[in-house]
Amino acid sequence: EYENYDEVVAARKAEYDRAYKKLMNAASLLSSQRKKTALNFSQDIINALIQLNFLDVRFEAEFEEKNPDSTGTDNVRFMISTNPGEDMKPLAKIASGGELSRIMLAIKSVMAETDVSKTLIFDEIDAGISGKTAKVVGEKFAKIAKTTQIIAVSHLAQIACMSDKEFLIEKKEEGGKTRSYIRPLDQEEQKAEIVRLLGGENGEKAALLHAEELLEKARNFKAGL
């Protein structure tokens, strides 16, 4: 190789050029597919967010070119605006925990059939929403839960009634200290907790009937999935 240095270098360069051309062709195809998919994906996310009470929302994928590697030549980040007149900003900059949880729920609901996540945890997802939107959130949970375990902390009956298993988290003062406890609820305890979340009193007939109706509708919805 030393005696034929120039020929060896030329051969190696030609090999490198062929590999680089192959890489760039693959990266170009991948980038084209990403940008095409991003349009439909973004619209699906917007539709899901509207269902989750984001009335004036914009969502899009922003592409930046980077040096080629095993993932191609694209740096991709999601941009979003959730209020009229608000500039688009990176999804990572969303400040509200409840807002971010609902955005993540929208993304996961759109990706439900292809996502490989095993467990999703949602906290504060019911912040700033009420009855109708809460019902949609609960239904999306039920659909995603067909393939992915969901752990959700909620104070809304419309979400809690969709659970396959409900746990009660309580804080108690003991010896001058506050301690948190969690315990599973059986069917009757779940019904009583739904009544409490509805603002009813234990034993109140109207609230109990409403709780039973919510639970029955939830069971029927899940059975139809």
Side-chain angles (χ1 to χ4, degrees), residues 37 40-59 78 80-83 91 94 96-169 182 184-200 206-225:
T37 301
N40 292 331
F41 178 73
S42 296
Q43 188 57 54
D44 288 343
I45 296 297
I46 290 172
N47 293 339
L49 288 170
I50 290 172
Q51 290 181 329
L52 292 170
N53 209 33
F54 288 88
L55 301 182
D56 193 328
V57 62
R58 290 178 292 148
F59 183 96
F78 293 130
I80 191 167
S81 169
T82 57
N83 296 301
L91 181 57
I94 294 294
S96 164
E99 202 172 57
L100 186 58
S101 289
R102 277 186 287 154
I103 293 168
M104 183 57 65
L105 176 58
I107 292 172
K108 291 297 183 180
S109 66
V110 171
M111 296 178 62
E113 294 183 4
T114 57
D115 196 9
V116 295
S117 301
K118 299 301 181 185
T119 301
L120 300 175
I121 301 175
F122 292 94
D123 190 15
E124 298 183 25
I125 197 166
D126 49 20
I129 65 173
S130 56
K132 184 178 180 181
T133 305
K135 179 175 178 290
V136 173
V137 170
E139 290 174 352
K140 287 189 180 296
F141 276 166
K143 291 176 182 177
I144 297 172
K146 296 289 289 183
T147 56
T148 303
Q149 176 180 248
I150 291 180
I151 300 172
V153 180
S154 179
H155 304 279
L156 291 179
Q158 292 88 343
I159 295 176
C161 70
M162 279 287 182
S163 64
D164 296 316
K165 186 64 180 176
E166 189 168 341
F167 294 80
L168 178 64
I169 302 172
I182 181 169
L185 303 180
D186 60 28
Q187 285 189 341
E188 288 304 312
E189 288 175 321
Q190 182 189 22
K191 191 186 300 182
E193 186 61 19
I194 297 296
V195 169
R196 188 185 70 81
L197 292 175
L198 289 168
L208 183 60
L209 288 173
H210 190 188
E212 289 175 342
E213 181 183 12
L214 283 177
L215 289 166
E216 180 65 22
K217 286 182 177 178
R219 284 191 291 268
N220 291 338
F221 180 83
K222 289 190 289 184
L225 292 176

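Every value quoted in this text rests on a predicted model; they were computed, and no experiment measured them.
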- Message: Can you list everything that forms a ring pair (Phe, Tyr, Trp, His ring centres under 6.0 Å) with Phe78? Sequence neighbours excluded, please.
- Response: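 Scan of Phe78 (ring pair (Phe, Tyr, Trp, His ring centres under 6.0 Å), adjacent residues dropped) gives Phe41, Phe59.
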Measure across [X] and [Y] and return the closest heavy-atom pair with its distance rounded to 0.1 Å.
{"X": "Met162", "Y": "Ala142", "result": "SD-CB, 4.2 Å"}
{"X": "Ala48", "Y": "Ala106", "result": "CB-CB, 3.8 Å"}
{"X": "Ser109", "Y": "Lys140", "result": "OG-NZ, 3.9 Å"}

Counterpart residues, side chain to side chain donor-acceptor pair (under 3.5 Å), relative to [X] (two or more places apart):
{"X": "Ser42", "result": "none"}
{"X": "Asn47", "result": "Gln43"}
{"X": "Gln190", "result": "Ser163, Glu166"}

For [X], give me all partners under side chain to side chain contact (heavy atoms under 4.5 Å, CB included), at least two apart in sequence or on another chain.
{"X": "Leu168", "result": "Glu170, Arg183, Leu185, Glu193"}
{"X": "Thr147", "result": "none"}
{"X": "Ala157", "result": "Ile194, Leu197, Leu198, Leu214"}
{"X": "Asp186", "result": "Glu188, Glu189"}

To the nearest 0.5 Å, how far apart are [atom1] in [X] and [atom2] in [Y]?
{"X": "Leu91", "Y": "Thr82", "atom1": "CG", "atom2": "OG1", "answer": "10.5 Å"}
{"X": "Leu120", "Y": "Leu105", "atom1": "CG", "atom2": "CG", "answer": "9.0 Å"}
{"X": "Leu49", "Y": "Ile107", "atom1": "CG", "atom2": "CD1", "answer": "7.5 Å"}
{"X": "Ile45", "Y": "Asn40", "atom1": "CD1", "atom2": "CG", "answer": "11.5 Å"}

- Message: Filter on ring-ring contact (aromatic ring centres under 6.0 Å, His included), then keep only pairs touching residues 118-147, sequence neighbours left out; what's left?
- Response: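 Applying ring-ring contact (aromatic ring centres under 6.0 Å, His included) to every pair that reaches into residues 118-147, excluding sequence neighbours, yields Phe122-Phe141.
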- Query: How would you list all residue pairs meeting salt bridge (charged side-chain N to carboxylate O under 4.0 Å, His left out) that involve residues 128-139, not counting sequence neighbours?
  - Reply: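 Every salt bridge (charged side-chain N to carboxylate O under 4.0 Å, His left out) pair that includes a residue of residues 128-139, provided the two are not neighbours, is Lys135-Glu139.
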- Provide the full list of salt bridge (charged side-chain N to carboxylate O under 4.0 Å, His left out) pairs with a residue in residues 215-224, sequence neighbours left out, each pair given once.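 The answer is Asp164-Lys222, Glu213-Lys217, Glu216-Arg219.
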- Message: Run the side-chain contact (heavy atoms from CB on, under 4.5 Å) test on Arg58 and Ile80 for me, step by step, so that the C-alpha distance in whole Å, both residues' side-chain angles and the decisive distance to 0.1 Å come before the verdict.
- Response: CA-CA 6 Å; Arg58 290 178 292 148; Ile80 191 167; over 6 Å; no
- Test log, rule side-chain contact (heavy atoms from CB on, under 4.5 Å), inputs Ser81 and Val57: CA-CA 6 Å; Ser81 169; Val57 62; over 6 Å; no
- Task: Measure from the side-chain N and O atoms of Arg102 to the backbone N and O of Leu52, and report whether any donor-acceptor pair falls under 3.5 Å.
- Result: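 Side chain of Arg102 to backbone of Leu52, a donor-acceptor pair under 3.5 Å: yes, one is there.
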- Message: Has Ser101 got a side-chain atom pairing as donor or acceptor with Asp123's backbone, closer than 3.5 angstrom?
- Response: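 Here the side-chain-to-backbone pair exists.
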- Any Lys165 side-chain heavy atom under 4.5 Å of Pro184 side chain: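 Contact flag for Lys165/Pro184 side chains = yes.
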- Query: Is any side-chain heavy atom of Leu208 less than 4.5 Å from a side-chain heavy atom of Lys191?
  - Reply: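 SC-SC contact between Leu208 and Lys191 confirmed.
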I'd like a table of donor-acceptor pairs (distance under 3.5 Å, sequence neighbours excluded) in which one partner is a side-chain atom from residues 148-155, with atom names and distances.
residue	atom	partner	partner atom	Å
Thr148	OG1	Ser117	O	3.4
Gln149	NE2	Thr119	OG1	3.0
Ser154	OG	Asp126	OD2	2.9
Ser154	OG	Leu156	N	3.1

- Task: Give the C-alpha distance, both sets of side-chain angles, the deciding distance and a yes or no for side-chain contact (heavy atoms from CB on, under 4.5 Å) between Met104 and Lys108.
- Result: CA-CA 6 Å; Met104 183 57 65; Lys108 291 297 183 180; 3.8 Å; yes
